[in-house]
Amino acid sequence: MHEAIALLQQLVRIPSVSPHLDPATGQGEQAIAEFAAAWLNERGVESWLEAAAPGRPNVVGKVGSGSGPVLVLCGHLDTVQATGMTIDPFGGEIRDGRLYGRGAYDMKAGVAAIMTAAAELARTNTLKGTLLLALVSDEEYASVGAQDFVRRHQADGCLLAEPTDGAFVTGHRGFAWVDVTVQGRAAHGSRWDLGISANTMAGRLLTALDHHDLTVLRPRKHPLLGPASVHPAIVRGGVGLSTYAPECLLQLEWRILPGTTEADVLTWTNDLVQHAGITAAVTCTLFRPPMLCPAAARMRQATLEAIGQALPEQGAPFWMDAAFFDAAGIPTVVYGPTGEGAHAAVEWVDLASVIHCTEVYGRTAALFCS
Ligand SMILES: [Zn+2]
């Protein structure tokens, strides 16, 4: 069995479900982090744990110490919950060239591939720069691992090994969660002369949001990432059938393009509130930046050369940890294995793609760190 496949099977057999997503049985990353650090150290990759948060360690590994460029190969150790899976989530069963289990595809395959590539580079000892492995925690919830890593380490480029089914990804949109608390005036349900329904007022904003999404955002397409978008993910208002609703909470999600800041999102939302002619308090509860790898970045050329194909660049529809590296000034690309079932009932990864990625990651490091 290829070293990367044997390792992948071991990683899948160590559950590392996010404790935030499954509070009852989520194991977190401690056990898998200790295993990964030991596996790397046994193979000459100097490795240690860094506590990103209590009980939420990152594993950091290092190959080489020359004066050349520093490359990060990054993957996350946590997975989503295994609830509702129709296969053994932690069996690591291999069948017909696929390995099955929670995290097989998202993204223990990528983690196994970068660990195996690092072990091989440690054996050959030819890097002129430094390879850092960032095996981070908590990607599936709050990304404390990636944020902690970029606070502690600097680098010249990053390759994130998230599964892309062989696509060369150089950007994705960011997102912002915005709470809009719409005010009405409570009154007995019979008192139309006194009551103001916050739900009706919220409806005006919902109409304005829909109009904004369709007529302002949708036509402005980024060549790689498409349009920005907004939707009211959660609407909650009213206290009883015979009472004018005093308050209605709209929880909006904006998906944003490069160049958009948290302040922009707040301004846009407040403008829409004003145009709707309603009274509401607007707060941003979470902001995650977009990311775009600069066109001239060496990271792009090194990865494409390692892949050995003139792949077109692509944008990912969803958000990734890549944004924290990009925000720290580290040009980042994403390239990873093929499979199916991230967060779904049956998850598997194609083993040939894992071996291919192991080779690509090793070649990328050799080219970038020369
Ligand atoms: Zn992932």
Side-chain angles (χ1 to χ4, degrees), residues 4 61-75 107 109-111 113-122 124-134 146 149-150 153-173 222-226 257-259 289-317 319-338 353-370:
K62 190 176 169 201
V63 181
S65 55
S67 56
V70 179
L71 171 71
V72 177
L73 292 176
C74 179
M107 61 165 287
V111 168
I114 60 180
M115 287 173 67
T116 308
E120 178 61 22
L121 289 161
T124 54
N125 189 24
T126 51
L127 291 186
K128 297 195 174 58
T130 305
L131 169 64
L132 289 177
L133 292 193
F149 182 87
V150 297
H153 303 278
Q154 292 187 329
D156 303 298
C158 173
L159 196 166
L160 177 60
E162 284 274 14
T164 64
D165 300 319
F168 178 59
V169 171
T170 57
H172 60 68
R173 298 181 300 171
H222 186 279
L224 191 66
L225 308 177
L257 294 172
M291 91 97 178
L292 197 58
C293 186
R298 276 188 71 233
M299 197 57 235
R300 283 173 178 256
Q301 276 72 49
T303 309
L304 280 175
E305 199 177 329
I307 295 169
Q309 259 182 292
L311 288 181
E313 62 173 332
Q314 289 190 28
W319 189 90
M320 290 185 267
D321 268 350
F324 286 120
F325 290 88
D326 181 80
I330 304 169
T332 300
V333 299
V334 189
Y335 182 79
T338 301
S353 77
V354 179
I355 294 168
H356 163 76
C357 284
T358 304
E359 293 163 359
V360 167
Y361 300 152
R363 283 199 293 271
T364 304
L367 288 163
F368 190 83
C369 298
S370 64

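Values below: all heavy atoms of this structure, side chains included; hydrogens, waters and symmetry mates excluded.
- When every heavy atom of Met320 is checked against every heavy atom of Val169, the shortest pair comes out as CE-CG1, 4.2 Å.
- Take Phe149 and apply the ring pair (Phe, Tyr, Trp, His ring centres under 6.0 Å) test, not counting sequence neighbours, and it matches His153, Phe325.
- In this structure a side-chain-to-backbone donor-acceptor pair under 3.5 Å is missing from His172 to Leu225.
- Qualifying side-chain contact (heavy atoms from CB on, under 4.5 Å) partners for Pro294, counting only residues two or more places apart in sequence or in other chains: Ala297, Pro331.
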Give every donor-acceptor pair under 3.5 Å between a side-chain atom in residues 115-122 and any protein atom, sequence neighbours left out.
from   : atom 1 : to     : atom 2 : distance (Å)
Thr116 : OG1    : Ala112 : O      : 2.7
Glu120 : OE1    : Arg123 : NE     : 3.3
Glu120 : OE1    : Arg123 : NH2    : 3.1

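- Applying the side chain to side chain donor-acceptor pair (under 3.5 Å) definition to pairs two or more places apart or across chains, those involving residues 154-167 are His76-Glu162, Tyr105-Asp165.
- Listed here is the closest heavy atom pair of Leu127 and Ala366: CD2-CA, 3.9 Å.
- Partner of Cys293 under the side-chain contact (heavy atoms from CB on, under 4.5 Å) criterion, out of Val333, Val334, Thr303: Val333 alone.
- When all heavy atoms of Met291 and Ala322 are compared, the closest pair comes out as CE-CB, 3.8 Å.
- Contact detail for Cys74 and Met107: the closest heavy-atom pair is O-CE, 4.0 Å.
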Would you mind writing out the side-chain donor-acceptor pairs for residues 354-361 within the sub-3.5 Å range, not counting sequence neighbours?
from   : atom 1 : to     : atom 2 : distance (Å)
His356 : NE2    : Tyr335 : OH     : 2.7
Thr358 : OG1    : Val354 : O      : 2.8
Tyr361 : OH     : Tyr335 : O      : 2.7

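- The backbone N or O of Thr338 sits less than 3.5 Å from a side-chain atom of Ser353, completing a donor-acceptor pair.
- Judged as a salt bridge (charged side-chain N to carboxylate O under 4.0 Å, His left out), and not counting sequence neighbours, Arg363 has no contacts.
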Inset, instruction - Apply the test side chain to side chain contact (heavy atoms under 4.5 Å, CB included) to residues Leu304 and Leu311: give CA-CA distance (whole Å), side-chain angles for both, the deciding distance (0.1 Å), then the verdict. - result: CA-CA 7 Å; Leu304 280 175; Leu311 288 181; 4.1 Å; yes
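- Taking all atoms of both residues into account, the shortest heavy-atom contact from Val72 to Ala134 is CG1-CB, 3.8 Å.
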Inset, instruction - Could you give me the CA-CA distance, side-chain angles and deciding distance for Lys62 and Leu133, then say whether side chain to side chain contact (heavy atoms under 4.5 Å, CB included) is met? - result: CA-CA 6 Å; Lys62 190 176 169 201; Leu133 292 193; over 6 Å; no
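- Evaluation of the side-chain contact (heavy atoms from CB on, under 4.5 Å) rule for Ala328 yields Val150, Ile330 as partners, not counting sequence neighbours.
- Applying the side chain to side chain donor-acceptor pair (under 3.5 Å) test to every pair with at least one member in residues 320-334, sequence neighbours left out, gives these pairs: Ser143-Asp321.
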Inset, instruction - Test side chain to side chain contact (heavy atoms under 4.5 Å, CB included) on Phe368 and Met299 and set out the steps. - result: CA-CA 7 Å; Phe368 190 83; Met299 197 57 235; 3.9 Å; yes
Inset, instruction - Walk me through it: do Leu132 and Leu71 pass the test side chain to side chain contact (heavy atoms under 4.5 Å, CB included)? - result: CA-CA 6 Å; Leu132 289 177; Leu71 171 71; over 6 Å; no
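- The salt bridge (charged side-chain N to carboxylate O under 4.0 Å, His left out) analysis of residues 290-313, with sequence neighbours excluded, yields the pairs Arg300-Glu313.
- Between Thr364 and Ala306, the closest heavy-atom pair is OG1-CB, 3.1 Å.
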